[in-house]
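One structure is given below, encoded as structure tokens.
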Amino acid sequence: MRHKRNIPNRGFRVADQIQRDLGELIRELKDPRVGMITVNSVEVTPDYAHAKVFFSLLIGDSAESEIALNEAAGFLRNGLFKRLSIHTVPTLHFHFDRTTERAAELNAMILQANANRAKEDEPKADDEPKADDEPKALD
């Protein structure tokens, strides 16, 4: 029997499908520690044995949600078995993704820096240009 050729980008497609299916399965969880979760990305190992699932949280405690999701990983993996048609469904490892929080912090810092610069660049009443200070035309 000949081996099948490697399908290009199969790992990425499997990760995308896991991301979509996990989004639906997580909504079915009844654990109160799991808040409003968005699955941001999934990284699958080349042998499909493990998957890192990165999530962000709108409402709730990130540490509690991460613990709850890792406890429910077996239930979620079982749900993936029923939905996916691949030989090996990976073991799920959930990690809180701080990307959105960091982006908001950086945005606030940039806005603060721009506000400070605008205050520094503002001409004061004493610094008004005089008639003698008019720019001279270059020949």
Side-chain angles (χ1 to χ4, degrees):
M1 181 174 167
R2 289 180 25 187
H3 292 287
K4 292 183 180 181
R5 289 187 203 169
N6 284 342
I7 301 171
N9 299 325
R10 183 170 189 256
F12 294 119
R13 290 187 290 131
V14 169
D16 287 342
Q17 188 61 45
I18 289 173
Q19 181 179 352
R20 284 190 293 272
D21 289 344
L22 276 178
E24 294 173 11
L25 288 170
I26 288 173
R27 279 188 230 121
E28 296 173 8
L29 290 178
K30 294 181 174 46
D31 193 331
R33 297 175 293 175
V34 177
M36 297 180 73
I37 288 178
T38 302
V39 178
N40 292 345
S41 66
V42 176
E43 294 177 0
V44 180
T45 58
D47 61 352
Y48 303 111
H50 299 277
K52 286 184 182 179
V53 181
F54 297 95
F55 70 94
S56 62
L57 189 61
L58 186 60
I59 297 173
D61 181 31
S62 60
E64 287 292 321
S65 293
E66 186 172 344
I67 291 168
L69 287 171
N70 281 314
E71 288 175 359
F75 171 78
L76 295 170
R77 184 173 184 233
N78 188 28
L80 287 175
F81 266 118
K82 296 174 184 173
R83 291 173 176 238
L84 297 176
S85 57
I86 60 174
H87 185 264
T88 304
V89 174
T91 303
L92 304 174
H93 307 279
F94 290 90
H95 302 282
F96 180 66
D97 187 9
R98 291 203 55 223
T99 304
T100 52
E101 288 179 2
R102 285 190 207 126
E105 291 169 3
L106 286 174
N107 191 29
M109 289 171 53
I110 290 169
L111 291 174
Q112 181 66 34
N114 286 339
N116 289 342
R117 180 173 284 174
K119 287 179 185 176
E120 291 172 2
D121 292 344
E122 227 173 57
K124 297 178 183 172
D126 299 338
D127 295 341
E128 290 183 18
K130 299 176 186 168
D132 300 345
D133 294 340
E134 289 182 17
K136 297 179 183 175
L138 297 174
D139 293 326

Next on the checklist: Can you see whether E120 engages N116 through a side-chain donor-acceptor pair at a distance of less than 3.5 angstrom?
Outcome noted: no
Checklist entry - Remaining members of L58's ILVMFWY cluster at a side-chain heavy-atom cut-off under 4.5 Å? => result M36, I59
Item to check | 4.5 Å side-chain heavy-atom contact, L80 and L92 | outcome: yes
Checklist entry - For residues 52-68, which residue pairs qualify under side chain to side chain donor-acceptor pair (under 3.5 Å), counting only residues two or more places apart or in two chains? => result N40-S56
Item to check | Set of residues satisfying side chain to side chain donor-acceptor pair (under 3.5 Å) with respect to T99, sequence neighbours excluded | outcome: D97
Item to check | Sequence-distant partners of S41, side chain to side chain donor-acceptor pair (under 3.5 Å), two or more places apart | outcome: none
Would you be so kind as to tabulate the donor-acceptor pairs closer than 3.5 Å made by side chains of residues 84-91, with sequence neighbours excluded?
none

Next on the checklist: Between I67 and F75, is there shared hydrophobic-cluster membership here, with clusters defined by ILVMFWY side-chain heavy atoms closer than 4.5 Å?
Outcome noted: no
Item to check | Atom of A68, atom of V34 and distance for their closest heavy-atom approach | outcome: CB-CG2, 3.7 Å
Item to check | Same apolar cluster: F12 and F54, side chain cutoff 4.5 Å | outcome: no
Checklist entry - Do any pairs count as a ring pair (Phe, Tyr, Trp, His ring centres under 6.0 Å) and have a residue in residues 18-50, sequence neighbours left out, and if so which ones? => result H50-H93
Checklist entry - Sequence neighbours excluded, which residues qualify as ring-ring contact (aromatic ring centres under 6.0 Å, His included) partners of F96? => result F55
Output side-chain donor-acceptor pairs under 3.5 Å for residues 21-29, partner residues at least two apart or in another chain, one line each.
| unit_1 | atom_1 | unit_2 | atom_2 | d |
| --- | --- | --- | --- | --- |
| D21 | OD1 | Q17 | NE2 | 3.1 |
| D21 | OD2 | Q17 | NE2 | 3.3 |
| E24 | OE1 | R83 | NH1 | 2.5 |

Checklist entry - Excluding sequence neighbours, so at least two apart, what forms salt bridge (charged side-chain N to carboxylate O under 4.0 Å, His left out) with R98? => result E101, E105
Next on the checklist: Do T38 and T100 make a side-chain contact, defined as non-hydrogen atoms from C-beta onward lying under 4.5 Å apart?
Outcome noted: no
Checklist entry - Can you name the salt bridge (charged side-chain N to carboxylate O under 4.0 Å, His left out) partners of E71, sequence neighbours left out? => result R33
Next on the checklist: According to side-chain contact (heavy atoms from CB on, under 4.5 Å), who are the partners of N107, at least two apart in sequence or on a separate chain?
Outcome noted: L111
Item to check | F81, CZ atom: more than 12 neighbouring heavy atoms under 6.0 Å | outcome: yes
Checklist entry - Looking at residues at least two apart in the chain, or sitting in another chain, which of them share a side chain to side chain donor-acceptor pair (under 3.5 Å) with D121? => result none
